[in-house]
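Here is the structure we will look at.
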Amino acid sequence: MQVRDVLVSAPGKAILHGEHAVVHGKVALAVSLNLRTYLCLKATTGGNLCVNLPNIDTFLSWDLSELKHVIPPVSGRRDELKLLDPDLVRRLREFVGVTNGNLNTSQMATLSFLYLYLSVFGSGELPSLTVSVWSELPTGAGLGSSAAYSVCLAAALLCASGAISSPLNDWDHTARWCQEELELINSWAFQGEMIIHGNPSGVDNAVGTWGGMLRFLAGKIIPLSRVPLLRILLTNTKVPRSTKVLVSRVKDKINKFPSIMAPVLDSVDAISCTCEKVLSEMTSEPITGEHYNALEELFDINQHHLNVMGVGHPALDTLCRVTLAKGLHSKLTGAGGGGCGITLLRPETSSAVVQATVQDLKDCGFDCWETSIGGPGVQQHAPVSVKEEILEVLNRD
Ligand SMILES: Nc1ncnc2c1ncn2[C@@H]1O[C@H](COP(=O)(O)OP(=O)(O)O)[C@@H](O)[C@H]1O
Ligand SMILES: C[C@@](O)(CCOP(=O)(O)O)CC(=O)O
Ligand SMILES: [Mg+2]
(Lines give C-alpha, C1' and ligand atoms only; values in the text may rest on other atoms or scores of the structure.)
(Ligands and ions follow the chains in the order given, each with its own letter.)
Protein backbone atom coordinates (compact mmCIF):
# COMPACT_ATOMS: atom_id res chain seq x y z
CA MET A 1 0.00 0.00 0.00
CA GLN A 2 1.42 3.40 -1.02
CA VAL A 3 0.76 6.32 1.33
CA ARG A 4 1.44 10.04 0.93
CA ASP A 5 4.38 11.75 2.65
CA VAL A 6 3.28 14.16 5.39
CA LEU A 7 5.01 16.86 7.48
CA VAL A 8 3.02 18.19 10.45
CA SER A 9 3.49 20.08 13.71
CA ALA A 10 1.48 20.69 16.89
CA PRO A 11 2.05 23.07 19.82
CA GLY A 12 2.69 22.38 23.48
CA LYS A 13 0.56 24.06 26.13
CA ALA A 14 0.56 25.73 29.51
CA ILE A 15 -2.35 25.19 31.88
CA LEU A 16 -3.19 28.48 33.58
CA HIS A 17 -5.60 26.85 36.03
CA GLY A 18 -7.34 23.51 36.52
CA GLU A 19 -4.61 20.86 36.09
CA HIS A 20 -5.62 17.61 37.84
CA ALA A 21 -9.04 19.02 38.80
CA VAL A 22 -9.92 18.81 35.07
CA VAL A 23 -9.41 15.02 35.20
CA HIS A 24 -12.24 15.00 37.78
CA GLY A 25 -14.72 17.01 35.75
CA LYS A 26 -13.69 20.57 36.71
CA VAL A 27 -12.94 23.55 34.45
CA ALA A 28 -9.43 24.12 33.11
CA LEU A 29 -8.00 27.12 31.22
CA ALA A 30 -5.13 26.24 28.93
CA VAL A 31 -3.17 28.05 26.26
CA SER A 32 -0.93 26.89 23.42
CA LEU A 33 2.76 27.78 23.40
CA ASN A 34 4.96 28.80 20.53
CA LEU A 35 7.02 25.67 21.09
CA ARG A 36 6.11 22.82 18.75
CA THR A 37 6.60 19.15 17.98
CA TYR A 38 7.32 18.28 14.33
CA LEU A 39 6.65 14.94 12.65
CA CYS A 40 7.75 13.78 9.23
CA LEU A 41 6.15 10.66 7.74
CA LYS A 42 7.73 9.16 4.63
CA ALA A 43 6.52 6.25 2.51
CA THR A 44 9.25 3.64 2.01
CA THR A 45 9.57 0.41 0.06
CA GLY A 46 11.48 -1.88 2.42
CA GLY A 47 8.49 -3.66 4.03
CA ASN A 48 9.42 -2.06 7.37
CA LEU A 49 7.92 0.30 9.88
CA CYS A 50 10.62 2.60 11.32
CA VAL A 51 10.32 5.21 14.05
CA ASN A 52 13.00 7.77 14.95
CA LEU A 53 12.47 9.65 18.22
CA PRO A 54 15.76 11.48 18.83
CA ASN A 55 14.43 13.48 21.83
CA ILE A 56 14.11 10.23 23.77
CA ASP A 57 16.92 8.33 22.07
CA THR A 58 14.58 5.78 20.53
CA PHE A 59 15.20 4.38 17.03
CA LEU A 60 13.22 1.25 16.17
CA SER A 61 12.25 -0.77 13.16
CA TRP A 62 9.84 -3.69 12.68
CA ASP A 63 9.16 -6.07 9.85
CA LEU A 64 5.58 -5.55 8.65
CA SER A 65 5.06 -9.31 8.39
CA GLU A 66 5.73 -9.60 12.17
CA LEU A 67 3.57 -6.60 13.00
CA LYS A 68 0.60 -8.08 11.10
CA HIS A 69 0.30 -10.83 13.71
CA VAL A 70 -0.27 -8.29 16.46
CA ILE A 71 -3.63 -7.18 15.00
CA PRO A 72 -6.48 -8.86 16.93
CA PRO A 73 -8.47 -11.28 14.72
CA VAL A 74 -11.74 -9.36 15.18
CA SER A 75 -10.18 -5.93 14.84
CA GLY A 76 -12.08 -3.64 12.50
CA ARG A 77 -12.49 0.12 12.12
CA ARG A 78 -13.56 1.49 15.49
CA ASP A 79 -15.79 4.51 15.70
CA GLU A 80 -15.89 4.64 19.50
CA LEU A 81 -12.70 6.56 20.27
CA LYS A 82 -13.27 7.25 23.98
CA LEU A 83 -11.96 3.81 25.00
CA LEU A 84 -8.87 1.88 24.00
CA ASP A 85 -9.15 -1.54 22.37
CA PRO A 86 -7.95 -3.67 25.34
CA ASP A 87 -7.07 -6.65 23.14
CA LEU A 88 -4.82 -4.56 20.89
CA VAL A 89 -3.16 -2.90 23.93
CA ARG A 90 -2.45 -6.33 25.49
CA ARG A 91 -1.01 -7.73 22.27
CA LEU A 92 1.15 -4.65 21.74
CA ARG A 93 2.48 -4.74 25.31
CA GLU A 94 3.55 -8.34 24.71
CA PHE A 95 5.02 -7.40 21.32
CA VAL A 96 7.19 -4.60 22.78
CA GLY A 97 8.10 -6.77 25.79
CA VAL A 98 6.16 -5.22 28.68
CA THR A 99 3.77 -7.49 30.48
CA ASN A 100 3.21 -5.50 33.68
CA GLY A 101 4.37 -2.43 35.59
CA ASN A 102 4.71 1.14 34.43
CA LEU A 103 6.06 1.81 30.95
CA ASN A 104 9.26 3.79 30.57
CA THR A 105 9.56 6.89 28.35
CA SER A 106 10.53 4.95 25.26
CA GLN A 107 7.92 2.21 25.75
CA MET A 108 5.12 4.76 26.20
CA ALA A 109 6.04 6.57 22.99
CA THR A 110 6.48 3.28 21.08
CA LEU A 111 3.23 1.79 22.31
CA SER A 112 1.16 4.85 21.46
CA PHE A 113 2.78 5.05 18.01
CA LEU A 114 2.14 1.38 17.23
CA TYR A 115 -1.38 1.55 18.65
CA LEU A 116 -2.31 4.48 16.39
CA TYR A 117 -0.53 3.02 13.35
CA LEU A 118 -2.32 -0.35 13.68
CA SER A 119 -5.67 1.27 14.48
CA VAL A 120 -5.48 3.50 11.41
CA PHE A 121 -4.08 0.93 8.95
CA GLY A 122 -4.89 -2.43 10.64
CA SER A 123 -8.00 -3.23 8.62
CA GLY A 124 -6.10 -3.08 5.30
CA GLU A 125 -2.61 -3.67 4.01
CA LEU A 126 0.06 -2.26 6.35
CA PRO A 127 2.16 0.44 4.59
CA SER A 128 5.93 0.56 4.74
CA LEU A 129 6.96 3.90 6.23
CA THR A 130 9.37 5.88 8.41
CA VAL A 131 8.14 8.32 11.04
CA SER A 132 10.55 10.85 12.63
CA VAL A 133 9.59 13.20 15.44
CA TRP A 134 11.48 16.17 16.87
CA SER A 135 10.23 18.56 19.53
CA GLU A 136 11.18 22.02 20.80
CA LEU A 137 9.37 21.07 24.03
CA PRO A 138 11.08 19.49 27.01
CA THR A 139 9.79 15.92 27.35
CA GLY A 140 7.87 15.05 30.51
CA ALA A 141 7.97 18.54 32.02
CA GLY A 142 4.32 19.65 32.10
CA LEU A 143 4.16 21.45 28.74
CA GLY A 144 2.06 18.81 27.00
CA SER A 145 4.82 17.10 25.00
CA SER A 146 2.85 13.84 25.12
CA ALA A 147 -0.22 15.53 23.65
CA ALA A 148 1.76 17.36 20.94
CA TYR A 149 3.32 13.99 20.03
CA SER A 150 -0.08 12.24 19.96
CA VAL A 151 -1.69 15.03 17.92
CA CYS A 152 1.13 14.91 15.35
CA LEU A 153 0.87 11.11 15.13
CA ALA A 154 -2.90 11.20 14.70
CA ALA A 155 -2.81 13.95 12.06
CA ALA A 156 0.02 12.40 10.05
CA LEU A 157 -1.29 8.83 10.12
CA LEU A 158 -4.88 9.84 9.30
CA CYS A 159 -3.64 12.11 6.51
CA ALA A 160 -1.26 9.48 5.07
CA SER A 161 -4.07 6.91 5.09
CA GLY A 162 -6.44 9.27 3.27
CA ALA A 163 -8.93 9.24 6.21
CA ILE A 164 -8.56 13.04 6.26
CA SER A 165 -7.55 15.37 3.46
CA SER A 166 -4.15 16.87 2.78
CA PRO A 167 -5.03 20.56 3.20
CA LEU A 168 -1.73 21.89 1.82
CA ASN A 169 -1.90 23.47 -1.64
CA ASP A 170 1.08 24.02 -3.92
CA TRP A 171 1.07 27.73 -3.04
CA ASP A 172 0.66 27.43 0.79
CA HIS A 173 3.50 27.01 3.24
CA THR A 174 1.25 25.80 6.04
CA ALA A 175 -2.37 24.71 6.16
CA ARG A 176 -4.94 23.59 8.71
CA TRP A 177 -7.69 20.99 8.53
CA CYS A 178 -11.44 21.76 8.65
CA GLN A 179 -13.35 21.53 11.92
CA GLU A 180 -14.66 18.00 11.30
CA GLU A 181 -11.19 16.70 10.48
CA LEU A 182 -9.71 18.46 13.53
CA GLU A 183 -12.29 16.68 15.68
CA LEU A 184 -11.18 13.35 14.24
CA ILE A 185 -7.50 14.18 14.82
CA ASN A 186 -8.33 15.23 18.40
CA SER A 187 -10.18 12.01 19.20
CA TRP A 188 -7.36 9.81 17.83
CA ALA A 189 -4.79 11.92 19.71
CA PHE A 190 -6.81 11.29 22.87
CA GLN A 191 -6.21 7.56 22.33
CA GLY A 192 -2.45 8.18 22.20
CA GLU A 193 -2.73 10.21 25.41
CA MET A 194 -4.67 7.37 27.05
CA ILE A 195 -1.72 5.05 26.45
CA ILE A 196 0.77 7.58 27.83
CA HIS A 197 -1.31 9.02 30.72
CA GLY A 198 -3.72 6.30 31.74
CA ASN A 199 -6.62 8.67 32.42
CA PRO A 200 -6.21 11.95 30.51
CA SER A 201 -8.81 14.70 30.66
CA GLY A 202 -8.29 15.55 27.00
CA VAL A 203 -7.37 19.21 27.60
CA ASP A 204 -3.80 18.84 26.33
CA ASN A 205 -4.69 17.19 23.02
CA ALA A 206 -7.48 19.76 22.53
CA VAL A 207 -4.95 22.62 22.81
CA GLY A 208 -2.53 20.73 20.54
CA THR A 209 -5.30 20.36 17.97
CA TRP A 210 -6.95 23.80 18.06
CA GLY A 211 -4.25 26.03 19.58
CA GLY A 212 -5.06 29.40 21.22
CA MET A 213 -6.64 29.65 24.66
CA LEU A 214 -9.34 27.14 25.61
CA ARG A 215 -11.82 26.59 28.39
CA PHE A 216 -12.18 22.84 28.87
CA LEU A 217 -14.87 21.11 30.90
CA ALA A 218 -15.65 17.38 30.76
CA GLY A 219 -14.65 17.04 27.12
CA LYS A 220 -16.40 20.27 26.09
CA ILE A 221 -13.98 22.66 24.41
CA ILE A 222 -14.71 26.38 24.22
CA PRO A 223 -12.12 28.53 22.42
CA LEU A 224 -11.60 31.87 24.18
CA SER A 225 -11.15 34.29 21.34
CA ARG A 226 -11.14 37.52 23.37
CA VAL A 227 -8.15 37.26 25.73
CA PRO A 228 -5.56 39.86 26.68
CA LEU A 229 -1.97 39.39 25.64
CA LEU A 230 -0.30 37.82 28.69
CA ARG A 231 3.44 37.81 29.34
CA ILE A 232 4.54 34.52 30.84
CA LEU A 233 7.90 33.35 32.10
CA LEU A 234 8.37 29.60 31.80
CA THR A 235 10.71 27.79 34.18
CA ASN A 236 11.76 24.17 33.87
CA THR A 237 12.98 22.90 37.24
CA LYS A 238 14.36 19.91 35.32
CA VAL A 239 13.04 17.59 38.04
CA PRO A 240 11.77 14.57 36.06
CA ARG A 241 8.25 13.32 36.64
CA SER A 242 5.53 11.29 34.98
CA THR A 243 2.04 12.63 34.38
CA LYS A 244 0.61 9.11 34.70
CA VAL A 245 2.09 8.60 38.18
CA LEU A 246 0.96 12.05 39.41
CA VAL A 247 -2.58 11.69 38.05
CA SER A 248 -2.96 8.38 39.82
CA ARG A 249 -1.49 9.85 43.04
CA VAL A 250 -4.19 12.55 43.05
CA LYS A 251 -6.87 9.94 42.40
CA ASP A 252 -5.67 7.88 45.40
CA LYS A 253 -5.83 10.97 47.61
CA ILE A 254 -9.37 11.76 46.46
CA ASN A 255 -10.43 8.17 47.16
CA LYS A 256 -8.77 8.24 50.59
CA PHE A 257 -10.15 11.63 51.72
CA PRO A 258 -13.19 12.33 49.53
CA SER A 259 -14.80 14.91 51.80
CA ILE A 260 -11.52 16.78 52.20
CA MET A 261 -10.48 16.74 48.55
CA ALA A 262 -13.89 17.54 46.99
CA PRO A 263 -13.90 21.16 48.27
CA VAL A 264 -10.32 21.60 47.01
CA LEU A 265 -11.37 20.51 43.52
CA ASP A 266 -14.44 22.77 43.70
CA SER A 267 -12.24 25.68 44.71
CA VAL A 268 -9.90 25.06 41.72
CA ASP A 269 -12.99 25.04 39.50
CA ALA A 270 -13.99 28.42 40.96
CA ILE A 271 -10.46 29.73 40.39
CA SER A 272 -10.62 28.79 36.69
CA CYS A 273 -14.03 30.45 36.33
CA THR A 274 -12.89 33.59 38.18
CA CYS A 275 -9.73 33.79 36.06
CA GLU A 276 -11.82 33.47 32.90
CA LYS A 277 -14.04 36.34 34.13
CA VAL A 278 -11.03 38.57 34.89
CA LEU A 279 -9.48 37.82 31.47
CA SER A 280 -12.74 38.65 29.76
CA GLU A 281 -13.03 41.95 31.71
CA MET A 282 -9.50 42.80 30.61
CA THR A 283 -10.66 42.76 26.99
CA SER A 284 -13.85 44.75 27.53
CA GLU A 285 -12.65 47.51 29.88
CA PRO A 286 -9.34 49.34 30.43
CA ILE A 287 -6.80 47.03 32.06
CA THR A 288 -5.93 48.11 35.60
CA GLY A 289 -3.51 46.97 38.28
CA GLU A 290 -6.49 45.36 40.03
CA HIS A 291 -6.88 42.89 37.17
CA TYR A 292 -3.26 41.82 37.53
CA ASN A 293 -3.55 41.70 41.34
CA ALA A 294 -6.45 39.29 40.95
CA LEU A 295 -4.59 37.10 38.44
CA GLU A 296 -1.59 36.95 40.79
CA GLU A 297 -3.70 36.02 43.80
CA LEU A 298 -5.39 33.26 41.80
CA PHE A 299 -1.93 31.85 40.93
CA ASP A 300 -0.99 31.85 44.64
CA ILE A 301 -4.21 30.20 45.82
CA ASN A 302 -4.07 27.53 43.12
CA GLN A 303 -0.42 26.75 43.87
CA HIS A 304 -1.41 26.06 47.50
CA HIS A 305 -4.24 23.80 46.34
CA LEU A 306 -1.87 21.87 44.08
CA ASN A 307 0.41 21.36 47.08
CA VAL A 308 -2.59 20.04 49.02
CA MET A 309 -3.27 17.59 46.17
CA GLY A 310 0.28 16.28 46.65
CA VAL A 311 1.75 17.39 43.33
CA GLY A 312 4.14 20.06 44.61
CA HIS A 313 7.92 19.70 44.82
CA PRO A 314 10.66 21.55 46.74
CA ALA A 315 12.03 22.81 43.39
CA LEU A 316 8.63 24.35 42.61
CA ASP A 317 8.59 25.94 46.09
CA THR A 318 11.98 27.44 45.24
CA LEU A 319 10.60 28.82 41.97
CA CYS A 320 7.71 30.50 43.83
CA ARG A 321 10.02 31.92 46.51
CA VAL A 322 12.67 33.24 44.10
CA THR A 323 10.11 34.94 41.86
CA LEU A 324 8.17 36.39 44.81
CA ALA A 325 11.40 38.02 45.99
CA LYS A 326 11.13 40.04 42.76
CA GLY A 327 7.40 40.68 43.30
CA LEU A 328 6.33 38.03 40.76
CA HIS A 329 3.81 35.24 41.27
CA SER A 330 4.21 31.65 40.04
CA LYS A 331 2.47 28.32 40.00
CA LEU A 332 3.29 24.89 38.65
CA THR A 333 1.79 24.01 35.28
CA GLY A 334 0.77 20.58 34.02
CA ALA A 335 1.07 17.57 36.26
CA GLY A 336 3.60 19.07 38.73
CA GLY A 337 5.86 16.92 40.90
CA GLY A 338 8.74 18.86 39.29
CA GLY A 339 8.67 19.87 35.65
CA CYS A 340 7.65 23.41 34.73
CA GLY A 341 6.11 26.40 36.42
CA ILE A 342 4.68 29.63 35.01
CA THR A 343 5.29 33.14 36.30
CA LEU A 344 2.98 35.98 35.42
CA LEU A 345 4.74 39.13 34.22
CA ARG A 346 2.88 42.42 34.52
CA PRO A 347 2.96 44.85 31.57
CA GLU A 348 5.07 47.20 33.68
CA THR A 349 7.56 44.47 34.73
CA SER A 350 10.81 45.90 33.39
CA SER A 351 13.22 43.88 31.33
CA ALA A 352 15.82 44.47 34.07
CA VAL A 353 13.57 42.72 36.61
CA VAL A 354 12.86 39.90 34.15
CA GLN A 355 16.57 39.46 33.45
CA ALA A 356 17.48 39.48 37.16
CA THR A 357 14.75 36.92 37.89
CA VAL A 358 15.86 34.68 35.03
CA GLN A 359 19.44 34.86 36.36
CA ASP A 360 18.34 33.93 39.91
CA LEU A 361 16.36 30.97 38.55
CA LYS A 362 19.27 29.84 36.38
CA ASP A 363 21.48 30.03 39.48
CA CYS A 364 19.09 27.48 41.03
CA GLY A 365 19.89 25.15 38.11
CA PHE A 366 16.62 25.81 36.28
CA ASP A 367 16.02 26.60 32.60
CA CYS A 368 14.02 29.79 32.21
CA TRP A 369 12.71 31.81 29.29
CA GLU A 370 10.01 34.37 28.48
CA THR A 371 7.60 32.87 26.01
CA SER A 372 4.85 33.98 23.73
CA ILE A 373 1.57 32.11 23.87
CA GLY A 374 -1.29 31.32 21.51
CA GLY A 375 0.56 29.37 18.78
CA PRO A 376 -1.63 27.78 16.06
CA GLY A 377 -2.98 24.26 16.51
CA VAL A 378 -1.96 21.26 14.41
CA GLN A 379 -0.74 22.21 10.94
CA GLN A 380 0.49 20.57 7.79
CA HIS A 381 3.74 22.06 6.46
CA ALA A 382 5.58 22.43 3.22
CA PRO A 383 9.25 21.73 4.07
CA VAL A 384 10.19 25.39 3.31
CA SER A 385 8.11 26.52 6.29
CA VAL A 386 10.11 24.47 8.80
CA LYS A 387 13.46 25.64 10.23
CA GLU A 388 16.40 23.98 8.49
CA GLU A 389 17.89 22.55 11.66
CA ILE A 390 14.60 20.80 12.47
CA LEU A 391 14.30 19.41 8.93
CA GLU A 392 17.82 18.14 9.18
CA VAL A 393 17.03 16.17 12.36
CA LEU A 394 13.80 14.82 10.85
CA ASN A 395 15.55 13.68 7.68
CA ARG A 396 18.51 12.05 9.41
CA ASP A 397 18.69 8.26 8.80
N1 LIG B 1 9.33 14.37 21.19
C2 LIG B 1 8.92 13.20 21.66
N3 LIG B 1 9.33 12.05 21.09
C4 LIG B 1 8.91 10.87 21.58
N5 LIG B 1 8.08 10.72 22.62
C6 LIG B 1 7.63 11.81 23.23
C7 LIG B 1 8.02 13.10 22.77
N8 LIG B 1 7.43 14.00 23.57
C9 LIG B 1 6.71 13.29 24.48
N10 LIG B 1 6.82 11.98 24.28
C11 LIG B 1 6.17 10.92 25.07
O12 LIG B 1 5.41 11.54 26.09
C13 LIG B 1 5.91 11.19 27.40
C14 LIG B 1 5.84 12.37 28.35
O15 LIG B 1 4.51 12.59 28.67
P16 LIG B 1 4.03 13.23 30.03
O17 LIG B 1 4.53 12.46 31.20
O18 LIG B 1 2.58 13.41 29.91
O19 LIG B 1 4.76 14.66 30.07
P20 LIG B 1 4.41 16.02 29.31
O21 LIG B 1 4.11 16.98 30.40
O22 LIG B 1 5.64 16.43 28.59
O23 LIG B 1 3.24 15.77 28.43
C24 LIG B 1 7.33 10.72 27.17
O25 LIG B 1 7.70 9.78 28.17
C26 LIG B 1 7.22 10.06 25.78
O27 LIG B 1 6.72 8.75 25.92
C1 LIG C 1 -2.48 16.83 35.19
C2 LIG C 1 -3.22 17.06 33.88
O3 LIG C 1 -4.34 17.92 34.18
C4 LIG C 1 -2.35 17.78 32.85
C5 LIG C 1 -1.11 17.03 32.51
O6 LIG C 1 -0.28 17.78 31.62
P7 LIG C 1 1.21 17.33 31.30
O8 LIG C 1 1.16 15.94 30.77
O9 LIG C 1 1.98 17.38 32.60
O10 LIG C 1 1.72 18.30 30.29
C11 LIG C 1 -3.74 15.73 33.36
C12 LIG C 1 -4.82 15.83 32.28
O13 LIG C 1 -5.53 16.84 32.21
O14 LIG C 1 -4.98 14.85 31.57
MG1 LIG D 1 1.41 14.84 28.97
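Along the sequence shown, residues carry numbers from 1. Atoms within each ligand, like the ligands themselves, are counted from 1 in listed order.
For the ligand labelled ligand 2, residue Glu193 lies outside the 4.0 Å heavy-atom shell. Not a single heavy atom of Thr37 sits under 4.0 Å from any atom of ligand 1. Using a 4.0 Å heavy-atom cutoff, Lys244 is absent from the residues neighbouring ligand 1. Contact analysis leaves Gly334 out of contact with ligand 1, as no non-hydrogen atom separation drops below 4.0 angstrom.
Closest protein heavy atom to atom 11 (C) of ligand 2: Val23 CG2, 3.7 Å. Of all protein heavy atoms, the one lying nearest to atom 1 (N) of ligand 1 is Asn55 OD1, 3.1 Å. Ile15 CD1, 3.8 Å is the protein heavy atom nearest to atom 4 (C) of ligand 2. For atom 21 (O) of ligand 1, the closest heavy atom belonging to the protein is Gly142 N, 2.8 Å. Protein heavy atom closest to atom 3 (O) of ligand 2, with residue, atom name and distance, is His20 N, 3.0 Å. For atom 15 (O) of ligand 1, the nearest protein heavy atom (residue, atom name, distance) is Ser146 CB, 3.2 Å. Scanning the protein heavy atoms around atom 9 (O) of ligand 2, the nearest turns out to be Ala335 N, 2.9 Å. With hydrogens left out, the protein atom closest to atom 8 (O) of ligand 2 is Thr243 OG1, 2.8 Å, a heavy atom. Protein heavy atom closest to atom 10 (N) of ligand 1, with residue, atom name and distance, is Thr139 CG2, 4.0 Å. The nearest heavy-atom contact from the protein to atom 8 (N) of ligand 1 is Ser145 OG, 3.3 Å. Of all protein heavy atoms, the one closest to atom 14 (O) of ligand 2 is Ser201 N, 2.8 Å.
Shown in contact with Ile56 at under 4.0 Å from a heavy atom are these atoms of ligand 1, numbered in order with element: 4 (C), 5 (N). Within ligand 2, the atoms closer than 4.0 Å to a non-hydrogen atom of Val203 are 13 (O), numbered from 1 in the order shown. Close approach to His197 involves these atoms of ligand 1, each under 4.0 Å from a residue heavy atom: 18 (O). Counting the atoms of ligand 1 from 1 in the order shown, those under 4.0 Å from a heavy atom of Leu143 are 21 (O). Within the listing of ligand 2, atoms 3 (O), 13 (O) sit less than 4.0 angstrom from a heavy atom of Val22. The atoms of ligand 2 that sit less than 4.0 Å from any heavy atom of Gly334 are 6 (O), 9 (O). In summary, the atoms of ligand 2 found under 4.0 Å from a heavy atom of Glu19, numbered by their order in the structure, are 3 (O). Close contacts of ligand 2 with Pro200, meaning ligand atoms under 4.0 Å from a residue heavy atom, involve 14 (O).
Between Gly140 and ligand 1, at least one N/O pair is under 3.5 Å apart. Ligand 1 has no N or O atom lying under 3.5 Å from any N or O atom of Ser242, backbone or side chain. On a distance-only criterion, Ser146 and ligand 2 share no N/O pair closer than 3.5 Å. Geometrically, ligand 1 and Ser135 share no nitrogen or oxygen pair separated by less than 3.5 Å.
Residue-level proximity to ligand 1 for Thr105 is carried by backbone and side chain together, each with a heavy atom below 4.0 angstrom. Neither the backbone nor the side chain of Ala335 has a heavy atom within less than 4.0 Å of ligand 1. Contact annotation for Ile196 and ligand 1: only side-chain heavy atoms (C-beta onward) come within less than 4.0 Å of the ligand. At a 4.0 Å heavy-atom cut-off, ligand 1 touches Thr243 through backbone and side chain alike.
In summary, the side chains of Asp63 and Ser65 do present a donor paired with an acceptor at a separation below 3.5 Å, with no hydrogens or angles considered. Under 3.5 Å, the side chains of Ser267 and His305 contain a donor-acceptor pair of N or O atoms. Between the side chains of Thr323 and Ser330, at least one donor N or O sits under 3.5 Å from an acceptor N or O. Asp363 and Gln359 form a side-chain donor-acceptor contact under 3.5 Å, judged by distance and modelled atom types alone. At a cut-off of 3.5 Å, with distance as the only test, a side-chain donor of Thr44 or Ser128 sits close to an acceptor on the other residue.
Residue side and main chain included, Ser146 places an N/O/S atom under 2.8 Å of the Mg ion (ligand 3).
Salt bridge absent: Asp252 and Arg249 never bring a charged side-chain N and a carboxylate O closer than 4.0 Å. Ion pair Glu348/Arg346 flagged as a salt bridge, since at least one NZ, NE, NH1 or NH2 atom sits closer than 4.0 Å to an Asp/Glu carboxylate oxygen.
Counting non-hydrogen atoms of other residues, nucleotides and ligands closer than 6.0 Å to CD of Glu94 gives a total above 12.
Using a 30° and 60° split on the angle between ring planes, Tyr38 and His381 fall in the tilted class, from 30° to 60°.
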